[in-house]
Amino acid sequence: MAMDYAKCAKEIYETLGGRSNLVSAAHCATRLRLVTVDNSSIDMKKLENIDGVKGVFSNNGQLQLIIGTGTVNKVYDEFLKVSGMTAATKEEVKAAAAAQQPIFKRMIKALGDVFVPILPAIVASGLMMGLVEALGKAIPSFAGSDWYGILDMFANTAFTFLPILIAVSAARVFGGNIFLGAVIGMIMIHPSLINAWSISSMEASEIPVWHLLGFPIRQVGYQGHVIPVIIAVWLMCKIEKWLHRHVPEMIDLFVTPLCTVIITAFLTIGIIGPVFSTAETYVLEFAGWIITVGHGIGAMIMGALYPLTVVCGIHHMYNVIEAGMLSAADGLNTWMPIASAANFAQGAACLAVGLKAKNMKTKSVAIPSSLSAALGITEPAIFGVNLRFVKPLVCGMIGGAAGALLGSIFHIGATSYGVTGLPGFLITLDYTVQYAIVLAVAFGISFALTWVVWKEDPEDAGQAKKTETNKIQETSSVVQPSNAADTPAVTADNAEKALFAPVKGLVIPREEIPDSTFASGVLGDGVGIEPEEGEVAAPFDGEISSVTETRHAIGITGPDGMEVLIHVGVDTVKMNGDGFELHVSEGDQVKAGQKLITFDISKIKAAGYPATTAVLLTNSEDYPDFKILKTGHTEIMEKLFTIE
């Protein structure tokens with residue numbers, strides 16, 4: 001029976017409490033995304049029971065109703081009609097949702113949004129510094145050469161001009177002109193000001209001061225500072241927006257930028273810089289105290305808690321601390337060993353699960369995820385394995401605590417941030433042996449504890465044996481007679497209806513997709529694929545039923561009414577299409593293997609999102625004989641699952 005979209009929309013609208021309780025509405029490939037005035041007044045159980053609503057959850061201030069690909073857009077259109085609302089972009093909904101969140105969460109999110117985009121520059125510089133330093137130590141003659149000098153300059157550039165990078169990124173996050181933000185960053189490290197790193201060797205009376213209207217302004221730069229730059233650019237964006245609203249349009253082009261820079265610059269070097277650079281110093285001293293308190297007990301506690309901050313999505317706040325440490329007098333990041341021990345330990349716990357498990361699906365997820373964690377990317381291990389089984393997560397926390405304690409005792413310092421695990425050796429060259437011990441202890445304790453404590457569910461282990469038996473039986477049943485004349489012809493009547501892998505990579509079970517909605521099966525059964533190449537192909541001959549504005553997901557209808565959702569990455573809707581290119585439109589007829597989407601895997605990972613691609617048969621409940629055929633590595637267009 002066809003779904004009544006208007007009825008579904010009307011019931012949703014009424015259950016939400018009508019127009020007075022609605023702020024904004026948008027939709028993505030599968031979900032209706034709403035921001036309400038008060039979620040607590042909504043009967044969630046009644047909302048879930050509405051025909052057409054497959055699930056309801058709240059995330060980042062948004063109320064998200066799971067409806068399904070090819071359907072959500074129709075319900076959304078009816079919802080706009082009944083509510084009288086205008087269509088909102090996902091950015092507008094995101095902004096409205098952010099405004100509803102507690103100020104602490106908004107601040108943490110803003111910090112993450114500022115620092116994540118500049119991580120590649122910091123990582124590149126940090127690794128280059130490590131390589132140059134290593135070559136200088138290995139080849140003494142190289143240390144005094146012109147090659148060393150120019151490469152050292154290249155490596156130091158990102159850190160020397162860090163305030164400008166932060167200012168540009170902050171202006172983008174706070175909605176200001178990024179070039180005005182760059183100017184504010186440049187003013188804070190202008191050569192006319194005394195370099196911040198030189199102040200420590202000067203007496204207070206030696207520091208020159210400007211006197212403006214009786215107000216003293218020290219001629220000091222803010223090289224290496226982080227918090228003052230972010231605060232200054234945040235204020236700049238507020239001033240710029242206010243001026244845009246109040247300055248007549250005919251003079252806005254030159255009055256607004258001029259006034260914005262002058263006002264912000266005076267406030268920055270006169271008040272914001274001195275006040276918040278002092279506050280930043282206290283923050284860094286507190287962070288250093290945490291690491292060393294109780295002879296490293298504080299570091300041990302943070303090593304245990306670090307994975308939980310990853311789970312909560314607030315681990316980017318450490319970037320502020322690490323960037324500040326790199327800008328201090330000794331220029332060493334002593335927070336890095338804590339993160340590295342915690343990450344390496346989670347990888348070890350994941351590896352123990354992978355080696356001990358009998359279920360091939362668990363193995364196929366755990367082992368690659370553990371290798372990823374060893375290289376510093378822990379989300380697949382934490383979300384795909386450890387958090388699911390809980391005990392490995394706890395064992396990893398214990399191993400991480402032990403490693404972090406040793407890192408504090410050894411006083412290990414790194415020359416960059418954003419790099420952990422095995423690549424961390426390149427930024428801890430003065431502590432190579434100590435760093436190796438930290439990783440070994442974190443790994444050993446976590447692995448051993450997980451091996452002893454974690455027990456595989458007998459049902460999972462039994463399923464592994466059953467699957468193996470089925471494979472043998474299937475192999476036997478498809479053996480063809482040697483006489484070609486005896487081979488039955490494949491006709492339209494007996495041909496199975498199959499879906500072929502739209503992406504090349506590692507096939508993982510649906511339950512292991514690091515997104516609760518996909519993993520739960522509420523959007524249909526299927527698999528996840530960890531992509532090796534950034535291309536999505538049509539999994540069969542069919543029609544494009546839906547595409548997203550952000551180009552990261554697509555719906556396609558095929559043989560016997562199969563409705564398939566291909567969703568590239570987790571939470572990649574937040575990338576707003578950056579790194580994605582769509583090659584088809586809604587309503588297009590496509591052939592199996594035809595290119596649908598191309599995407600940049602490195603951009604997805606740099607933005608902090610898993611690249612796991614969900615391939616789901618959204619109406620799988622209509623096919624009792626639905627069968628997944630492929631696990632482990634797949635090439636593009638290998639048979640993935642069938643419905644007969």
Side-chain angles (χ1 to χ4, degrees), residues 122-123 126-127 129-130 133-134 283-310 315-351 370 373-378 381-382 393-450:
I122 300 301
V123 169
L127 292 177
M129 287 175 67
E133 186 179 345
V283 168
L284 294 176
E285 289 177 354
F286 178 68
W289 175 78
I290 288 178
I291 294 172
T292 57
V293 66
H295 301 289
I297 299 300
M300 183 175 71
I301 294 172
M302 290 309 303
L305 297 180
Y306 188 90
L308 299 183
T309 63
V310 174
H315 55 299
H316 293 304
M317 66 181 176
Y318 302 126
N319 292 336
V320 177
I321 295 172
E322 294 180 281
M325 286 179 169
L326 291 171
S327 305
D330 60 6
L332 289 178
N333 173 11
T334 53
W335 196 272
M336 177 267 190
I338 294 175
S340 200
N343 289 345
F344 211 68
Q346 290 297 319
C350 186
L351 181 62
S370 67
L375 298 175
I377 309 297
T378 57
I382 291 177
L393 178 72
V394 175
C395 293
M397 291 169 66
I398 295 171
L405 173 62
L406 282 177
S408 175
I409 292 173
F410 291 148
H411 302 293
I412 297 174
T415 56
S416 181
Y417 71 88
V419 180
T420 60
L422 296 178
F425 279 103
L426 291 174
I427 60 171
T428 54
L429 290 173
D430 290 333
Y431 307 90
T432 301
V433 175
Q434 297 95 318
Y435 185 66
I437 293 172
V438 165
L439 295 188
V441 168
F443 182 94
I445 292 176
S446 180
F447 185 93
L449 282 175
T450 305

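No experiment lies behind these values; they were computed from the predicted model shown.
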Engineer: Could you tell me the separation between the CG atom of L422 and the CG atom of L439, rounded to the nearest 0.5 Å?
Structural biologist: 7.0 Å
Engineer: Does the ring center of F447 lie less than 6.0 Å from the ring center of F443?
Structural biologist: yes
Engineer: So which atom in G407 and which in V438 form the shortest heavy-atom distance, rounded to 0.1 Å?
Structural biologist: N-CG2, 3.6 Å
Engineer: Would a distance-only check, ignoring hydrogens and angles, find a side-chain to backbone donor-acceptor pair under 3.5 Å from Q346 to L393?
Structural biologist: yes
Engineer: Tell me the closest heavy-atom pair linking A442 and A341, and the distance in Å.
Structural biologist: CB-O, 3.7 Å
Engineer: Does a side-chain heavy-atom distance below 4.5 Å link F425 with T432?
Structural biologist: yes
Engineer: Looking at every non-hydrogen atom in both residues, tell me the closest pair between G399 and I445 and how far apart they are.
Structural biologist: CA-CG2, 3.9 Å
Engineer: CH2/W335 to OH/Y306 distance, rounded to the nearest 0.5 angstrom?
Structural biologist: 9.5 Å
Engineer: Quick one: pull up OG1 in T428 and CZ in F410 and give me the separation to the nearest 0.5 Å.
Structural biologist: 12.5 Å
Engineer: To the nearest 0.5 Å, how far apart are CG in L405 and CE in M302?
Structural biologist: 14.0 Å
Engineer: Do the side chain of S340 and the main chain of M336 share a donor and acceptor less than 3.5 angstrom apart?
Structural biologist: no
Engineer: Looking only at heavy atoms, which two atoms of G347 and S370 are closest? And how far apart?
Structural biologist: O-CB, 3.2 Å
Engineer: If you round to the nearest 0.5 Å, how far is CD of Q434 from CG of L406?
Structural biologist: 10.5 Å
Engineer: Quick one: closest heavy-atom pair of A345 and S446, and the distance?
Structural biologist: O-OG, 2.6 Å
Engineer: How many angstroms lie between atom CZ of F344 and atom CG of L351, to the nearest 0.5 angstrom?
Structural biologist: 9.5 Å
Engineer: Closest approach of G296 and S408, non-hydrogen atoms and distance?
Structural biologist: CA-OG, 3.5 Å
